[in-house]
Amino acid sequence: MTRAALESLPDEHPVILGLEDVRVHYPMGKDWLGRPKALAHALNGIDLQVRAGETLGVVGESGCGKSTLAQLLMGLIKPTSGKLEWIYNNAKERSSNVQIVFQDPQSSLDPRLPVWKVITEPLFVQRSAPRRDMRDIAAKVASQVGIRTEYMDRFPHQFSGGQRQRIAIARALSSNPDIIVLDEPTSALDISVQAQILNLLAELQRSRDLTYILISHNVSVVRHMADRVAVMYLGQIVELGSAAEVLERPRHPYTQLLLEAVPRLGVAVDDAQVSAPTELPGNRNLPTGCFFRDRCPKATVGCDKPQALLPARGAAGAEWVRCHLQSV
Ligand code: ADP
Ligand code: MG
């Protein structure tokens, strides 16, 4: 991003994370010399800044790179190229405490561990608290997410789906992370408990000043929770801006198709899911020019040139779009 881009973001909260032209390519297969036969181009130039206390929604169909982005933030993989920087008190750091809440608490919680150990797993891994304090810490965090402290010796299967997700949230909180990645946090839950979990997450964010990266297919969830939204296509951000602008006045033709795919009438809002308007093209060989142009209904002259994420035309705030028809 340009200097101007940095400055046009809302600035009541400091930037805590910056990504600059971040790429992640996975080697695929090996030839007789042991060289990769092909590359999966999972992330193809991500420019992004995250501010303390915000919720950034990340949307895009399966395979666009959302989980790769999450793994990158958690330090589980490194960028193939580009820069990822954490910023504390104006100092640049290489890593940070990022925790994650997965879609399915059934498979993300170790069934052999009692709840207090599940909740304090991150502290155990980081060795950031004395062992004798772990039970007390677990009970304290549990009570903040609405799990009774008498239940600390029970096992995950003894709880309902909603309670298990509360336990997963407690685990994410126990080490006081800077950012929590929420990867489809309510999609495996009954409709009736989804709202409770979203409300809990919102409440915790206020009381603990948390920063969320919310990955979701569910537009109503993103609308409900996110301050800003990033729309991803083939490992790039194609649109970035306030949730209101991106979801109500989508500018990129891909965002428009994605949102049109959401049924609006006669369907419960909670059921509204973004379904893929098209098949995502392969990412072994990246398209030239605009990645979306082959399926773009508005493709025209100039779309054969690479597209940069630029300020959106006629936007009041910090709205960004990777389309020459829509940018200034
Ligand atoms: P999403 O979470 O949006 O569905 P992913 O980040 O999981 O997308 O995947 C993005 C692309 O990277 C996909 O084409 C996927 O096949 C590829 N990919 C992800 N992880 C690996 C891996 N470990 N090895 C090879 N390819 C991978
Ligand atoms: Mg994924």
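Read the numbers this way: they start at 1 and go in the same order the structure lists the ligands and their atoms.
Classified by interplanar angle (parallel below 30°, tilted 30° to 60°, perpendicular above 60°), the ring pair F292/Y233 is perpendicular. The aromatic rings of H252 and Y254 sit perpendicular, their planes meeting at an angle over 60°, well past the 30° parallel limit.
Using a cutoff of 4.0 Å between basic side-chain nitrogens and carboxylate oxygens, D133 and R131 are not scored as salt-bridged. A salt bridge is absent between E319 and R249; no separation between the charged side-chain nitrogens and carboxylate oxygens falls under 4.0 Å. Salt-bridge annotation for E239 and R322: absent, with no side-chain N of the basic residue lying under 4.0 Å from a carboxylate O of the acidic one.
Metal site remark for the Mg ion (ligand 2): T68 contributes no N, O or S atom at a distance under 2.8 Å.
Interatomic distance, H324 NE2 to L310 CG, rounded to the nearest 0.5 Å: 11.0 Å.
Protein residues lining ligand 1, listed by chain and number: Y26, M28, A40, A42, E61, S62, G63, C64, G65, K66, S67, T68, N283 [non-hydrogen atoms, distance under 4.0 Å].
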